[in-house]
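Read the structure below first, then the notes.
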Amino acid sequence: MSDVTPKRKKLYIETVGCQMNLLDSELVVGKLRNEGYELTDDIGKADTILYNTCSVRQHAEDKIYSALGRIKQLKQLKPELTIGVLGCMAQKDQKQILKRAPHVDIVVGPGQLARVPELLVLAKEEATPQMAVSLPRTAGSNLTVTASFAEYDPIREPAMRPTPFQAFVRIMMGCDKFCTYCIVPSVRGPEQSRPAAVIVDEARALADQGVKEITLLGQTVNSYRSVDASGRTFRLSDLLERLHEIEGLQRIKFITNFPNDMTDDLLQAVRDLPRVSRYLHVPAQSGCDEVLKRMKRTYSVALYDDMLDRIRETVPDAAVSSDFIVGFPGESEASFEKSMRLVERGRFKNSFIFKYSPRQGTKADTLFIDDIPEEVKKRRNNDLLVLQTAISQEDNRRLIGQSLEVLVEGPSKSSKGVAAGEIGQLSGRSSCDRIVVFEGHERLVGQFVPVSIEDASGVTLFGRVVTMDLVAPRA
Ligand code: SAH
Ligand code: SF4
Ligand code: F3S
C-alpha cells in the first residue's frame, strides 16, 4: 500500500513588535495549519518563511530588512522557497519591500492577514509576487477605510501562545489618537471596538481549552466602547465584569491604557474584581507639558499626576508601568528633567524607554526636525533607565516578606530547563505583573501558587513556595 498522506509543508515564522503581532502570528499559523502546514524552528528546513513585522521604530524595520538580506542566498539555493513579509511594515513600505528584497513572494498588511493562505498559492501559481494592503487613512470614507482593515476571523493555534494556559484576546483594532510621532494609526487603521458578545464568546472558548489567563489587547484598551443590538453600551469596566464570570478564567489583564480614559468606573472594576490583574500600563511618554503638546498626547502632566493619585487611592496594591520617549524634537534638558521627576513621582513598576525615531508620514516627521543628537538621546535613555531601575528595586524590596499568588509560566530564564517530574528553578508572574523566580516541581507549571518573597532585584522577585508539599510531590 502506498503512503497517500501528502507531505506537510514546513512553515517558519518570526515575529517582532507588540502583542498585537504575537496574536496575529497565532491566527496566521492557525489558518495555515488548517491548510496542511506544520511549524518548524529550523529556517533551513522551511518551505515557507514568514516575517511578521513592526514599524514603530527604525530599528525594528532594520532588523527585518537585514533578515531578508540574509535569506536571499537560501532562496537562490532553494527556488521553491516562499518568503512573506506580513504586518505593519508590509502596510507601511508596500512595494518598496519588493524593490529592496525582490526575492519576497508576498507582502500582506495587518488588515489583510486572512488572505495569507490564498496569496501563498497565487504567488506560486503565477510565479509573481502578491501584495494585499489596506487603504490609506485618507483614501475614502471612514467606512471603506475601516472595511479594508476588516476583522480577522480567528482560528486559534495553541502552539503559538506564550504558554498553553495564557492567551491574547483582541478587543480593539486600530487607533485614532494620532500621536504625532506614531505610525500605528496609519498601519493599523481606524479605531474599532469588537462587540462585547464576540469577545466574551472567544474568551469562553479559550477557557474551555484550558486557558487560565487572558490579556485583552488594544492600542488604547481603556477607550473600549461597544453598543449591542439592544442599545446597551459596554465600557471596558462592563466587559471586565462579564469576563470575570467565565468559569476557568483566573486572571484577566489588559494593555495598553491611555491616561485620559483611566476613568473611575474602570479603577473600581479593577478594585472589585479579584481576578482582574492589579497591573496598569499607562504610558506617559513625557513629563513636560510642552513636549506632550507637540506629541499631541491630549493630556497634561497635572492630569497624569491626578490619574496616578486616583489609582493609588482606589487600587493601592496596583502596579503602574509607563513608556517614555526621550529626545523628541525640541526636548530641552529642562524638559527631560521633567520626565526624570515624573519617574520619581510615579514610582512605576517599570518603564519602557525609547529614543525618538522619526517615522516617515507622521506629523512629527513633517513638522519638526529630529534635532536631538544620538549621543544625547542615548544619555537621556540611560539616565531615565538608571533612575527607574533604582526605584523598581526599592519598591520590589518592599515586597520582601509578603506572599504573592503566582501563575507559574515555566522554567526560569537562567535555569537550563526543568525536566518532567523534576524540581528546578521556575518563573511566573504575580497579579501585579512582577516576575517571581522560585524553586519548585515541574508539575506546578500552569498552576497558581502562593510564593513568599525573600529577595528582590529591579526586575525579579525571588521566593519560596508557601506550602512545602507543593515544592515536591508527596511520597
Ligand atoms: N498604543 C500604545 C503604544 C503603542 S507603541 C500607547 O499609546 O500607549 C509602543 C510605544 O512605542 C509607545 O508607547 C511609545 O513610547 C513608543 N513609540 C511609538 N512611536 C515611537 C517613535 N516614533 N519613536 C520612539 N518611540 C516610539
Ligand atoms: Fe500610537 Fe498614540 Fe495610538 Fe498609542 S495612542 S498607538 S502612541 S497614536
Ligand atoms: Fe509595531 Fe505594529 Fe505593534 S508598528 S508596535 S507591531 S501595532
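Order of appearance sets the numbers: ligands from 1, and atoms from 1 within every ligand. Just so it is clear, the values below take in all heavy atoms, side chains as well, and ignore hydrogens, waters and symmetry mates. We're numbering straight along the sequence, starting at 1.
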Taking 4.0 angstrom as the limit and counting only heavy atoms of [X], give me the atoms of ligand 2 inside it, by number and element.
{"X": "Thr220", "answer": "5 (S)"}
{"X": "Val184", "answer": "6 (S)"}
{"X": "Gln219", "answer": "6 (S)"}
{"X": "Cys175", "answer": "3 (Fe), 5 (S), 6 (S), 8 (S)"}

Q) Quick check: does any side chain N or O of Arg235 sit under 3.5 Å from a backbone N or O of Leu266, one acting as donor and the other as acceptor? A) no
(Q) Is it the case that the side chain of Arg294 and the backbone of Gly330 share a donor-acceptor pair, with hydrogens and angles ignored and the cut-off at 3.5 Å? (A) yes
**Q.** Option set Phe178, Tyr181, Phe258, criterion heavy-atom distance to atom 7 (S) of ligand 2, minimum
**A.** Tyr181
Q | Proximity winner for atom 8 (S) of ligand 2, if only heavy atoms of Cys179, Ser223, Cys18, Gly218 are counted | A | Cys179
Quiz question: by atom type and distance under 3.5 Å, do the side chains of [X] and [Y] form a donor-acceptor pair?
{"X": "Arg429", "Y": "Gln166", "answer": "no"}
{"X": "Asp261", "Y": "Thr220", "answer": "no"}
{"X": "Thr82", "Y": "Asp105", "answer": "no"}
{"X": "Thr389", "Y": "Ser392", "answer": "no"}
{"X": "Thr40", "Y": "Asp42", "answer": "no"}

Q | Close approach, Arg188 and ligand 2, non-hydrogen under 4.0 angstrom | A | no
(Q) Heavy atoms only, cut-off 4.0 Å: how does Pro185 contact ligand 2, side chain, backbone, both, or neither? (A) side chain
Q. Would you call the rings of Tyr356 and Phe328 parallel, tilted or perpendicular, where under 30° means parallel and over 60° means perpendicular?
A. perpendicular
**Q.** Arg57 to Phe354, cation-pi by 6.0 Å centre distance and 45° axis angle
**A.** yes
Q: Say whether Met89 and ligand 3 are in contact under the criterion: heavy-atom distance to a ligand atom below 4.0 Å.
A: no
Please tabulate protein-ligand N/O pairs under 3.5 Å for ligand 1, atom names and distances to 0.1 Å.
from: ligand 1; atom 1: 1 (N); to: Gln219; atom 2: O; distance (Å): 2.8
from: ligand 1; atom 1: 1 (N); to: Gln219; atom 2: OE1; distance (Å): 2.9
from: ligand 1; atom 1: 7 (O); to: Arg297; atom 2: NH1; distance (Å): 3.4
from: ligand 1; atom 1: 11 (O); to: Arg57; atom 2: NH1; distance (Å): 3.0
from: ligand 1; atom 1: 13 (O); to: Gln285; atom 2: NE2; distance (Å): 2.8
from: ligand 1; atom 1: 13 (O); to: Asp323; atom 2: OD2; distance (Å): 2.6
from: ligand 1; atom 1: 15 (O); to: Gln285; atom 2: OE1; distance (Å): 2.7
from: ligand 1; atom 1: 17 (N); to: Arg57; atom 2: NH1; distance (Å): 3.4
from: ligand 1; atom 1: 22 (N); to: Tyr181; atom 2: O; distance (Å): 3.0
from: ligand 1; atom 1: 22 (N); to: Ser357; atom 2: O; distance (Å): 2.8
from: ligand 1; atom 1: 23 (N); to: Ser357; atom 2: N; distance (Å): 3.0
from: ligand 1; atom 1: 25 (N); to: Arg57; atom 2: NH1; distance (Å): 3.3

Q. What residue and heavy atom of the protein are closest to atom 1 (Fe) of ligand 2, and at what distance?
A. Cys182 SG, 2.3 Å
Q. If you leave out waters, which protein N, O or S atoms are less than 2.8 Å from atom 1 (Fe) of ligand 3?
A. Cys54 SG
